[in-house]
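What follows is one structure encoded as structure tokens, with my remarks underneath.
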Amino acid sequence: QVQLVESGGGLVQAGGSLTLSCVTSGRTFNIYGVGWFRQAPGKEREFVATITWNVGTTYYGDSVKGRFTISEDNAKNTVYLQMNNLTPEDPAAYFCAARTSTLNWGQPVGYSYWGQGTQVTVSS
């Protein structure tokens, strides 16, 4: 089993920045990649970004490309999501998730382990 705990959510003004953290524990040697997803009320869970564990290859959803950056600190078993230039379209619960394969890295179905989520709110 792999456990993931997110932190760093909160309230930020539009145009501001926020950094989310995702600490992994447990059988982390099984992790192939870690991703971030978000879900706003009444909407489907949306892919935000993913990083290949210990390799650093990254992919982003179109709505965050150029504004968000995913990174990893392997020594701390932590993945970060740096979010810049936040807009009123970005508020949601943000979840980190771990996958054990290369398949479906952009879809929730590709991830076996999930954190509880952290809320991001953007004020205009």
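In this chain, residues are counted from 1 in sequence order.
- Annotation: the span from Ser124 atom OG to Leu86 atom CG amounts to 13.0 Å, rounded to 0.5 Å.
- By the 4.5 Å heavy-atom criterion applied to side chains, Val48 and Leu81 are counted as neighbours.
- By the 4.5 Å heavy-atom criterion applied to side chains, Thr78 and Glu72 are not counted as neighbours.
- For the atom pair CG of Leu20 and CG of Leu18, the computed distance is 5.5 Å after rounding to the nearest 0.5 Å.
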Q: Apply side chain to side chain donor-acceptor pair (under 3.5 Å) to Gln13 and Ser123, showing your working.
A: CA-CA 5 Å; Gln13 284 190 328; Ser123 64; 4.8 Å; no
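- The list of side chain to side chain donor-acceptor pair (under 3.5 Å) pairs with a residue in residues 46-58, not counting sequence neighbours, reads Arg38-Glu46, Glu46-Ser63, Thr50-Arg99, Thr50-Tyr111, Asn54-Asn74.
- For NZ of Lys65, the number of neighbouring non-hydrogen atoms (other residues, nucleotides, ligands) closer than 6.0 Å is greater than 12.
- When every heavy atom of Ala40 is checked against every heavy atom of Ala92, the shortest pair comes out as N-CB, 3.8 Å.
- In this structure, Phe37 and Phe47 have perpendicular ring planes: the angle between them is above 60°, well past the 30° mark.
- Between Tyr94 and Glu6, the closest side-chain pair of non-hydrogen atoms is not below 4.5 Å.
- Between Pro91 and Val122 there is a side-chain heavy-atom pair separated by less than 4.5 Å.
- Considering CD1 of Ile51 and SG of Cys22, their distance stands at 11.5 Å, rounded to 0.5 Å.
- In this structure, Thr118 contributes its side chain and Gly9 its backbone to a donor-acceptor pair below 3.5 Å.
- In this structure, Asn84 and Ser17 approach most closely via the heavy-atom pair OD1-OG, 2.9 Å.
- Residues Val79 and Ile70 are in side-chain contact: their nearest non-hydrogen atoms beyond the backbone lie under 4.5 Å apart.
- Within a 6.0 Å sphere centred on CD of Gln3, other residues, nucleotides and ligands contribute more than 12 heavy atoms.
- Expressed to the nearest 0.5 Å, how far CH2 of Trp36 lies from SG of Cys96 amounts to 4.5 Å.
- The side-chain heavy atoms of Asp90 and Arg67, taken from C-beta on, include a pair separated by under 4.5 Å.
- Atom-to-atom distance recorded for Ser101:OG and Asn30:CG is 11.5 Å, nearest 0.5 angstrom.
- The aromatic ring centres of Tyr59 and Trp105 sit less than 6.0 Å apart.
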Q: Show your working on side chain to side chain contact (heavy atoms under 4.5 Å, CB included) between Gln82 and Phe68 and close with a plain yes or no.
A: CA-CA 5 Å; Gln82 172 70 41; Phe68 290 12; over 6 Å; no
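- Between Val23 and Leu4, every side-chain heavy-atom pair lies at or beyond the 4.5 Å cut-off.
- Counting only heavy atoms from C-beta outward, the side chains of Tyr80 and Ser21 approach each other to under 4.5 Å.
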